[in-house]
Protein chains: 2
Amino acid sequence: MDEANAVRDRDHKFLTQAVEEAYKGVESGDGGPFGAVVVCNDEVVVSCHNMVHKHTDPTAHAEVTAVREACKKLNRIELADCEIYASCEPCPMCFGAIHLSRIKRLVYGAKAEAAIAIGFDDFIADALRGTGFYQKAQLEIKQADGKGALIAEQVVWVQTNENAEKQQYSIEIREINN
Amino acid sequence: MDEANAVRDRDHKFLTQAVEEAYKGVESGDGGPFGAVVVCNDEVVVSCHNMVHKHTDPTAHAEVTAVREACKKLNRIELADCEIYASCEPCPMCFGAIHLSRIKRLVYGAKAEAAIAIGFDDFIADALRGTGFYQKAQLEIKQADGKGALIAEQVVWVQTNENAEKQQYSIEIREINN
């Protein structure tokens with residue numbers, strides 16, 4: 001197997017785990033259909049999903065949660081020797097957290113548009129396209145290949161179908177509060 | 001007193017509290033010299049400072065901490081009826097958290113350049129200048145007037161002088177990890 005294939009298989013393995021976390025989030029009702037895994041020296045440090053509803057915390061996206069938990073576990077505020085695998089393209093808040101933690105590499109599955117299509121805020125797409133801070137960031141960013149992206153996008157759509165009532169409830173709550 | 005003066009005095013009062021929080025952060029060594037206050041109906045909901053070192057959490061900036069604590073206290077994930085006062089211009093991560101929580105108004109003191117000048121990452125400036133998601137954000141953003149900006153900038157410089165050794169330590173740690 002050549003090196004490119006080895007990297008692809010490794011990325012696929014960890015991205016699949018991030019997608020499995022996203023499914024756990026959907027099943028538990030903890031939050032949106034998003035998962036993230038932090039890897040250090042080929043070992044999974046933490047595997048987390050969105051906890052926004054569970055923790056009543058709009059900052060508890062999968063990636064922010066994963067950065068927090070990884071720092072707690074490794075007992076340091078910098079993760080320069082770590083990679084993060086995210087089931088979906090990180091929003092600007094999450095991208096900021098990844099940048100601040102000095103994570104060296106980000107691999108993501110679904111494009112932001114998949115989440116926007118089911119009603120998430122379209123600001124998600126702004127971190128990785130057309131913004132100043134993306135261009136300044138010093139980390140390698142890779143979108144998964146076709147297969148990885150496909151399984152990552154499916155979790156978003158599964159959530160839409162299974163949790164249609166929850167979605168509706170969430171929209172109603174937002175309308176009441178705004 | 002006309003309405004503009006009343007708004008200015010009110011903003012100055014809450015911004016001063018955010019700056020006092022920043023001083024508490026400096027004195028306690030909990031994190032960087034930054035404070036944030038969430039206000040709802042003219043009442044302070046929470047008053048927080050940067051807890052990055054205290055919590056070993058690179059996401060524990062003052063504004064993210066304030067959003068999390070306010071949501072916990074009010075037991076909801078949306079703060080559409082709240083304002084946030086930040087001693088310094090929020091970084092992209094914090095601006096994302098403010099945006100996601102639907103806070104309706106942001107008032108900040110020091111410009112990002114004040115923090116960048118003492119060694120903080122220059123990506124701080126990207127949230128409020130030249131990025132796509134700023135333009136899409138639906139909140140009112142105001143920089144404090146001359147007096148408010150001045151007291152807010154002073155806290156950054158005080159930290160530089162008093163904590164010069166800590167700063168040096170932090171830079172050394174970063175160099176080791178990168």
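Quick note on labels: first sequence line is chain A, next is B, and so on, each numbered from 1. These numbers were taken from a predicted model, which means no experiment stands behind them.
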Ordered numerically, the heavy-atom neighbours of chain A under 4.5 Å found in residues 63-74 of chain B are B/V64, B/V67, B/R68, B/C71, B/K72

Answer yes if [X] and [Y] sit in the same cluster of Ile, Leu, Val, Met, Phe, Trp and Tyr residues linked by side chain heavy atoms under 4.5 Å apart, and no otherwise.
X: A/I77; Y: A/L79; answer: no
X: B/V38; Y: B/L106; answer: yes
X: A/M51; Y: A/F34; answer: no

Taking salt bridge (Lys or Arg N to Asp or Glu O under 4.0 Å) as the definition, give me every residue that meets it alongside B/K24, ordered by chain and number, with sequence neighbours left out.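 Residues passing salt bridge (Lys or Arg N to Asp or Glu O under 4.0 Å) with B/K24: B/E21.
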
Look up atom CD1 in B/I98 and atom OG1 in A/T59, then write down how far apart they are to the nearest 0.5 Å. 11.5 Å

Could you measure the distance from the CG atom of A/D57 to the OG atom of B/S101? Nearest 0.5 Å is fine. 10.0 Å

Using non-hydrogen atoms only, which part of A/T56 is less than 4.5 Å away from chain B: side chain, backbone, both, or neither? both

